[in-house]
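Report on the following structure.
What you see is a predicted model; the values in this text were computed from it and never measured.
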Amino acid sequence: ADHAICIGDVGDAYALSRFLKYEYMPYRDEWAQVTLVMQELANTFPKVTVIVGNHDARLEKQLRTHLTSDMVDAISLMTGGILCPLTALAKRYPNVSIAKHEAPSGVTVDWCVTVGDAWLGHPEKFSKIPGSALRAVEDWLADNMGPMGFDRYRLIVLGHTHQLGLITWRSD
(Lines give C-alpha, C1' and ligand atoms only; values in the text may rest on other atoms or scores of the structure.)
Protein backbone atom coordinates (compact mmCIF):
# COMPACT_ATOMS: atom_id res chain seq x y z
CA ALA A 1 0.00 0.00 0.00
CA ASP A 2 1.20 3.48 -0.74
CA HIS A 3 -1.31 5.35 1.44
CA ALA A 4 -2.36 4.50 5.00
CA ILE A 5 -5.36 6.23 6.52
CA CYS A 6 -5.93 6.08 10.29
CA ILE A 7 -9.55 6.78 11.14
CA GLY A 8 -9.05 8.20 14.59
CA ASP A 9 -8.19 7.30 18.14
CA VAL A 10 -4.54 6.51 17.48
CA GLY A 11 -4.27 6.92 21.25
CA ASP A 12 -6.83 6.66 24.01
CA ALA A 13 -5.67 9.46 26.35
CA TYR A 14 -6.93 7.20 29.14
CA ALA A 15 -5.41 9.39 31.86
CA LEU A 16 -7.43 12.36 30.59
CA SER A 17 -10.76 10.57 30.34
CA ARG A 18 -13.66 11.78 32.46
CA PHE A 19 -14.92 8.20 32.77
CA LEU A 20 -14.20 5.79 35.63
CA LYS A 21 -10.67 4.37 35.47
CA TYR A 22 -9.90 0.86 36.67
CA GLU A 23 -6.13 1.17 36.51
CA TYR A 24 -3.54 3.90 36.25
CA MET A 25 -2.01 4.57 32.83
CA PRO A 26 0.25 7.62 32.85
CA TYR A 27 -0.23 9.89 29.85
CA ARG A 28 3.54 9.90 29.33
CA ASP A 29 3.60 6.10 28.86
CA GLU A 30 0.67 6.06 26.48
CA TRP A 31 2.11 8.98 24.51
CA ALA A 32 5.35 7.02 24.04
CA GLN A 33 3.30 4.23 22.46
CA VAL A 34 1.40 6.65 20.22
CA THR A 35 4.71 8.15 19.10
CA LEU A 36 6.03 4.68 18.19
CA VAL A 37 2.88 3.92 16.19
CA MET A 38 3.15 7.20 14.27
CA GLN A 39 6.85 6.64 13.64
CA GLU A 40 6.19 3.13 12.33
CA LEU A 41 3.42 4.37 10.04
CA ALA A 42 5.65 7.16 8.72
CA ASN A 43 8.50 4.71 8.11
CA THR A 44 6.29 2.10 6.42
CA PHE A 45 4.02 4.08 4.10
CA PRO A 46 4.92 6.82 1.60
CA LYS A 47 1.77 8.74 2.55
CA VAL A 48 -0.14 8.68 5.85
CA THR A 49 -3.37 10.55 6.57
CA VAL A 50 -4.63 10.71 10.15
CA ILE A 51 -8.15 11.62 11.16
CA VAL A 52 -8.14 13.04 14.69
CA GLY A 53 -10.57 11.02 16.80
CA ASN A 54 -12.37 12.06 19.94
CA HIS A 55 -9.79 10.31 22.15
CA ASP A 56 -6.92 11.99 20.29
CA ALA A 57 -8.55 15.36 21.02
CA ARG A 58 -9.11 14.78 24.74
CA LEU A 59 -6.23 17.00 25.87
CA GLU A 60 -7.38 19.91 23.71
CA LYS A 61 -10.93 19.51 25.03
CA GLN A 62 -9.65 19.46 28.63
CA LEU A 63 -7.56 22.59 28.02
CA ARG A 64 -10.51 24.46 26.51
CA THR A 65 -12.82 23.29 29.32
CA HIS A 66 -10.60 23.99 32.33
CA LEU A 67 -8.50 26.99 31.31
CA THR A 68 -9.51 30.57 30.69
CA SER A 69 -9.62 31.73 27.08
CA ASP A 70 -6.50 33.83 27.72
CA MET A 71 -4.62 30.75 28.99
CA VAL A 72 -5.71 28.78 25.93
CA ASP A 73 -4.58 31.68 23.74
CA ALA A 74 -1.18 31.74 25.50
CA ILE A 75 -0.64 28.01 24.95
CA SER A 76 -1.85 28.33 21.36
CA LEU A 77 0.61 31.16 20.70
CA MET A 78 3.48 29.10 22.17
CA THR A 79 2.63 26.05 20.07
CA GLY A 80 1.96 27.74 16.75
CA GLY A 81 -1.77 27.35 17.18
CA ILE A 82 -1.74 23.61 17.84
CA LEU A 83 -3.51 22.30 20.93
CA CYS A 84 -3.99 18.71 19.74
CA PRO A 85 -0.99 16.51 20.60
CA LEU A 86 -1.57 14.21 17.60
CA THR A 87 -1.59 17.17 15.20
CA ALA A 88 1.68 18.38 16.71
CA LEU A 89 3.21 14.90 16.45
CA ALA A 90 2.21 14.56 12.79
CA LYS A 91 4.25 17.67 11.97
CA ARG A 92 7.44 15.71 12.77
CA TYR A 93 6.93 13.53 9.71
CA PRO A 94 6.86 15.05 6.21
CA ASN A 95 4.72 12.22 4.82
CA VAL A 96 2.07 12.37 7.58
CA SER A 97 -0.84 14.80 7.36
CA ILE A 98 -3.92 15.46 9.43
CA ALA A 99 -7.14 14.94 7.46
CA LYS A 100 -9.16 17.97 6.49
CA HIS A 101 -12.18 18.18 4.22
CA GLU A 102 -13.07 21.62 2.97
CA ALA A 103 -16.65 22.15 1.85
CA PRO A 104 -17.42 24.49 -1.07
CA SER A 105 -18.68 27.05 1.47
CA GLY A 106 -15.21 27.15 3.06
CA VAL A 107 -16.23 25.21 6.18
CA THR A 108 -13.54 22.74 7.19
CA VAL A 109 -14.36 19.34 8.65
CA ASP A 110 -11.49 17.58 10.39
CA TRP A 111 -13.17 14.28 11.19
CA CYS A 112 -13.41 12.84 7.69
CA VAL A 113 -11.62 12.47 4.40
CA THR A 114 -12.56 11.13 0.98
CA VAL A 115 -10.28 9.10 -1.25
CA GLY A 116 -11.73 8.29 -4.64
CA ASP A 117 -15.17 6.83 -4.02
CA ALA A 118 -14.46 6.01 -0.36
CA TRP A 119 -15.50 8.16 2.60
CA LEU A 120 -13.58 7.61 5.82
CA GLY A 121 -14.46 9.31 9.06
CA HIS A 122 -14.62 9.46 12.83
CA PRO A 123 -17.83 11.32 13.66
CA GLU A 124 -19.18 11.70 17.18
CA LYS A 125 -22.06 9.35 16.33
CA PHE A 126 -22.02 6.31 18.62
CA SER A 127 -24.43 3.45 19.14
CA LYS A 128 -24.32 0.08 20.84
CA ILE A 129 -26.65 -1.24 18.16
CA PRO A 130 -24.62 -2.77 15.31
CA GLY A 131 -25.05 -0.77 12.11
CA SER A 132 -27.02 2.09 13.72
CA ALA A 133 -24.16 4.62 13.67
CA LEU A 134 -23.23 3.58 10.16
CA ARG A 135 -26.80 4.07 8.93
CA ALA A 136 -27.01 7.51 10.61
CA VAL A 137 -23.74 8.60 8.98
CA GLU A 138 -24.90 7.29 5.61
CA ASP A 139 -28.08 9.36 5.96
CA TRP A 140 -26.04 12.43 6.93
CA LEU A 141 -23.77 11.94 3.92
CA ALA A 142 -26.74 11.58 1.57
CA ASP A 143 -28.32 14.76 3.00
CA ASN A 144 -25.09 16.77 2.85
CA MET A 145 -23.36 15.47 -0.27
CA GLY A 146 -23.88 18.71 -2.24
CA PRO A 147 -23.30 21.28 0.51
CA MET A 148 -20.23 19.44 1.80
CA GLY A 149 -18.81 18.84 -1.68
CA PHE A 150 -18.60 15.07 -1.34
CA ASP A 151 -18.30 13.12 -4.54
CA ARG A 152 -20.34 9.99 -5.04
CA TYR A 153 -19.07 7.31 -2.65
CA ARG A 154 -19.38 3.53 -2.70
CA LEU A 155 -17.63 2.74 0.56
CA ILE A 156 -17.99 4.19 4.04
CA VAL A 157 -15.33 3.35 6.62
CA LEU A 158 -16.44 4.55 10.00
CA GLY A 159 -14.48 4.84 13.24
CA HIS A 160 -15.86 5.52 16.72
CA THR A 161 -18.69 3.02 16.46
CA HIS A 162 -17.38 0.37 18.90
CA GLN A 163 -19.55 -2.05 16.90
CA LEU A 164 -19.08 -3.88 13.62
CA GLY A 165 -21.69 -2.88 11.08
CA LEU A 166 -21.74 -4.15 7.50
CA ILE A 167 -24.49 -2.88 5.26
CA THR A 168 -24.49 -3.41 1.52
CA TRP A 169 -26.62 -0.87 -0.24
CA ARG A 170 -26.65 0.91 -3.58
CA SER A 171 -23.19 -0.50 -4.17
CA ASP A 172 -23.56 -2.51 -7.38
[X] with [Y], same ILVMFWY side-chain cluster at under 4.5 Å:
X	Y	value
L120	F45	no
I5	I98	no
Y27	V52	yes
Y22	Y24	no
L59	L77	no

Donor-acceptor side-chain pairing of D9 and H160 below 3.5 angstrom: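 Distance-only check fails for D9 and H160.
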Polar side chain donor-acceptor pair, H101 to T108, under 3.5 angstrom: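 H101 vs T108: no donor-acceptor pair found between side chains.
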Please report the closest heavy-atom contact between [X] and [Y], naming both atoms and the distance.
X	Y	value
V48	L41	CG2-O, 3.5 Å
V137	P123	CG2-CG, 3.6 Å
G159	I7	N-CD1, 3.5 Å
V34	G11	CG2-CA, 3.6 Å
P104	P147	CD-O, 3.3 Å

4.5 Å side-chain heavy-atom contact, [X] and [Y]:
X	Y	answer
D117	L155	no
D56	V10	yes
R64	L83	yes
P26	W31	no
W119	R154	no
F150	T114	yes
M38	L86	yes
N54	W111	no

What about the rings of H55 and Y14, do their centers lie closer together than 6.0 Å?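 For H55 and Y14, the ring centres are not under 6.0 Å apart.
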Just checking K100: does its NZ atom have more than 12 heavy atoms from other residues, nucleotides or ligands closer to it than 6.0 angstrom? yes
May I have the step-by-step check of side-chain contact (heavy atoms from CB on, under 4.5 Å) for V107 and E102, ending in yes or no? CA-CA 6 Å; V107 173; E102 189 169 335; over 6 Å; no
Spatial distance of atom [atom1] ([X]) from atom [atom2] ([Y]) [nearest 0.5 Å]:
X	Y	atom1	atom2	value
H66	M71	NE2	CE	13.0 Å
I156	C112	CD1	SG	11.0 Å
C6	H122	SG	NE2	12.0 Å
M25	E23	CE	CD	7.5 Å

Are the side chain of E30 and the backbone of A13 linked by a donor-acceptor contact shorter than 3.5 Å? yes
Can you sort out the partners of D12 under salt bridge (Lys or Arg N to Asp or Glu O under 4.0 Å), two or more places apart, ordered by chain and number? R58
Could you give all pairs that pass the side-chain hydrogen bond (donor to acceptor under 3.5 Å, both in side chains) test and reach residues 69-98, with sequence neighbours left out?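 The answer is none; no pair qualifies.
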